[in-house]
Amino acid sequence: MQAAEYVEKPESQLKEMWETLRQNKAAVVGLVIIALLALIAITVWISELIGIQILPYDPNYSDMTKSFIWPNAEHWFGTDQLGRDMFSRIIDGTKISLFVGVTAVAISLSIGVLLGSIAGYRGGKTDALIMRTMDVMLAIPSILLAIAFMAALGKGLDKAVIAIGLVSIPEYARIVRGSILSVKENDYVQAARVIGNGDSRIIFKHILPNIISLIVVRATLGISSAVLDTAALGFLGLGVQPPFAEWGDMLGRARGFIFTAPYTLIFPGIAITITVLAFNLFGDGLRDALDPKSRIK
């Protein structure tokens, strides 16, 4: 009977987590928007890969005879200063923003978890060296630090991914270090050490699985920050370079037309806002769902 209850327990926990998440309407809305954005990004990427045009217009094709056409039945979001269809460019920009956000978080998460694990588990001089370095990085505003990295690395999509990933490392390192400090003296960790498990096995097999919920929530919220940083770098002309469509770059190049063609700023701004808001709403709901005290029983 005990064995049966033990087998059912994980399923019961997952059910409680799902029910808590499902009852959070804001989180569900965020999840639906994220799923829709991911579907759009994947569809556009696959269509480009196999050479099929699914967008109404080529997002990078310019026709100066059609510049600054206001939104209408033919061009839903109007055209920009080069006569490019705004709707097609915003849809195409979805894949770039999500790619940069997810990839940058993957970089910062991997390095941050590794450094935080070493600092928290080793302690002493190793901990002091790693965390003082993280403190120096945290003392500098993330966008300024990203600009500094971009100045050293150069412009481009790949450079933006690296820069945004690097500036977010301290956040994950601090979270993991603090969590490891609070659990590394627990009985199950001591037992694993007594039976001969190595440090790396103890960290990745016994400690990290118990703090994975904190990491997952932070990573979800981190994607929204990465999308926002990508837009900021694009706005400053340091991110994705023309002719590729990126929401921040579209805002930066349209800021001179705020009074003559305000729609060229409104639609990219709405795209950024919706994406960032969706990840924040889902991240908040996920945090409640992963917290045993907040779950619906």
Legend entry - Hydrophobic cluster membership, L236 vs V167, 4.5 Å side-chain cutoff: yes

Inset, instruction - Taking the six-membered ring for Trp and the single ring otherwise, decide whether the centroids of F257 and F68 are under 6.0 Å apart. - result: yes

Legend entry - N72 side chain vs W70 backbone, donor-acceptor pair below 3.5 Å: yes

Legend entry - I111 side chain reached by Y172 side chain, heavy atoms, under 4.5 Å: no

Legend entry - Stepwise side-chain contact (heavy atoms from CB on, under 4.5 Å) check, V28 with F282: CA-CA 7 Å; V28 172; F282 179 64; over 6 Å; no

Inset, instruction - May I ask whether I270 and L37 are part of the same hydrophobic cluster, defined by side-chain heavy atoms of I, L, V, M, F, W, Y residues being less than 4.5 angstrom apart, directly or through others? - result: yes

Legend entry - Pi-cation contact, F235 with R253 (under 6.0 Å, within 45°): no

Inset, instruction - Decide yes or no for M250 and I90: does some side-chain heavy atom of the first lie under 4.5 Å from some side-chain heavy atom of the second? - result: yes

Inset, instruction - Can you see which heavy atom on L251 is nearest to which on G269, and at what distance? - result: CD2-N, 4.0 Å

Inset, instruction - Using the rule that two of Ile, Leu, Val, Met, Phe, Trp, Tyr join whenever any of their side-chain heavy atoms come within less than 4.5 Å, decide whether L228 and I162 are in one cluster. - result: yes

Inset, instruction - Taking all non-hydrogen atoms of both residues into account, name the closest pair between A27 and G285 and its distance. - result: CB-CA, 3.7 Å

Legend entry - Check: T94 side chain, A41 main-chain N or O, donor-acceptor pair, under 3.5 Å: no

Inset, instruction - Taking the side chain as every heavy atom from C-beta outward, state whether F279 and L98 have any atom pair closer than 4.5 Å. - result: yes

Inset, instruction - Give the C-alpha distance, both sets of side-chain angles, the deciding distance and a yes or no for salt bridge (charged side-chain N to carboxylate O under 4.0 Å, His left out) between R122 and D127. - result: CA-CA 7 Å; R122 289 289 187 181; D127 179 27; over 6 Å; no

Legend entry - Rounded distance [0.5 Å steps], CD1 in I33 versus CG in L36: 8.0 Å

Inset, instruction - Count the heavy atoms of every other residue, nucleotide or ligand shown that sit under 6.0 Å from CH2 of W76, and state whether that count exceeds 12. - result: no

Inset, instruction - Answer whether the closest heavy-atom distance between the side chains of S142 and M137 falls below 4.5 Å. - result: no

Inset, instruction - Examine I223 and I143 and state if one hydrophobic cluster contains both, with Ile, Leu, Val, Met, Phe, Trp and Tyr joined whenever side-chain heavy atoms are less than 4.5 Å apart. - result: yes

Inset, instruction - List the steps and the verdict of side-chain contact (heavy atoms from CB on, under 4.5 Å) for I54 and I52. - result: CA-CA 6 Å; I54 64 172; I52 298 177; 4.0 Å; yes

Legend entry - Distance, nearest 0.5 Å, that separates CG of D80 from CD1 of I69: 10.5 Å

Inset, instruction - Check whether any side-chain N or O of T264 sits under 3.5 Å from a backbone N or O of A261 as a donor-acceptor pair, and report yes or no. - result: yes

Legend entry - Value rounded to 0.5 Å, distance of CG in L233 from CD in E246: 8.5 Å

Legend entry - Pair S224-N280, side-chain donor/acceptor within less than 3.5 Å: yes

Legend entry - E74: side chain to side chain donor-acceptor pair (under 3.5 Å) partners, not counting sequence neighbours: Y57

Legend entry - Min side-chain heavy-atom separation R84-P59 under 4.5 Å: no

Inset, instruction - Please tell me if the side chains of V100 and V227 come closer than 4.5 Å, counting only heavy atoms from C-beta onward. - result: no

Inset, instruction - Locate the shortest heavy-atom distance separating G78 from Y263; write the atom from each residue and the value. - result: CA-CE1, 3.9 Å

Legend entry - M64 and Q81, any side-chain heavy atoms less than 4.5 Å apart: no

Inset, instruction - Kindly give the heavy-atom pair with the smallest separation between M150 and A163, and that separation in Å. - result: SD-CB, 3.7 Å

Legend entry - Interatomic distance, I130 atom CD1 to I169 atom CD1 [nearest 0.5 angstrom]: 11.5 Å

Inset, instruction - Verify, without hydrogens or angle tests, whether R255 (side chain) and G252 (backbone) share a donor-acceptor contact under 3.5 angstrom. - result: yes

Inset, instruction - Look at atom CZ of R174 and say whether more than 12 heavy atoms of other residues, nucleotides or ligands are closer to it than 6.0 Å. - result: no

Legend entry - Minimum heavy-atom distance A278-I34, with the two atoms named: O-CD1, 3.8 Å

Legend entry - N60 CG to L82 CG distance, which is reported to the nearest 0.5 Å: 11.0 Å

Inset, instruction - Taking the side chain as every heavy atom from C-beta outward, state whether H75 and M86 have any pair of such atoms under 4.5 Å apart. - result: no

Inset, instruction - Applying side-chain contact (heavy atoms from CB on, under 4.5 Å), run through S47 and Q53 and close with a yes or a no. - result: CA-CA 6 Å; S47 67; Q53 177 65 32; over 6 Å; no

Inset, instruction - Examine distances only and state if a side-chain atom of S108 and a backbone atom of V105 form a donor-acceptor pair shorter than 3.5 Å. - result: yes

Inset, instruction - Rounded to the nearest 0.5 Å, what's the gap from CZ on F99 to OG1 on T230? Could you check? - result: 10.5 Å

Inset, instruction - Salt-bridge test for D92 and R89: reply yes if a basic N is under 4.0 Å from a carboxylate O, no otherwise. - result: no

Inset, instruction - Compare every heavy atom of V176 with every heavy atom of G116, then report the nearest pair and how far apart it is. - result: C-CG1, 3.8 Å

Legend entry - Shared hydrophobic cluster, V276 / I40 (ILVMFWY, side-chain heavy atoms < 4.5 Å): yes

Inset, instruction - List the steps and the verdict of side-chain contact (heavy atoms from CB on, under 4.5 Å) for R177 and M134. - result: CA-CA 11 Å; R177 173 187 177 270; M134 298 297 103; over 6 Å; no

Legend entry - Whether F267 and F77 hold their rings parallel, tilted or perpendicular, with breakpoints at 30° and 60°: parallel

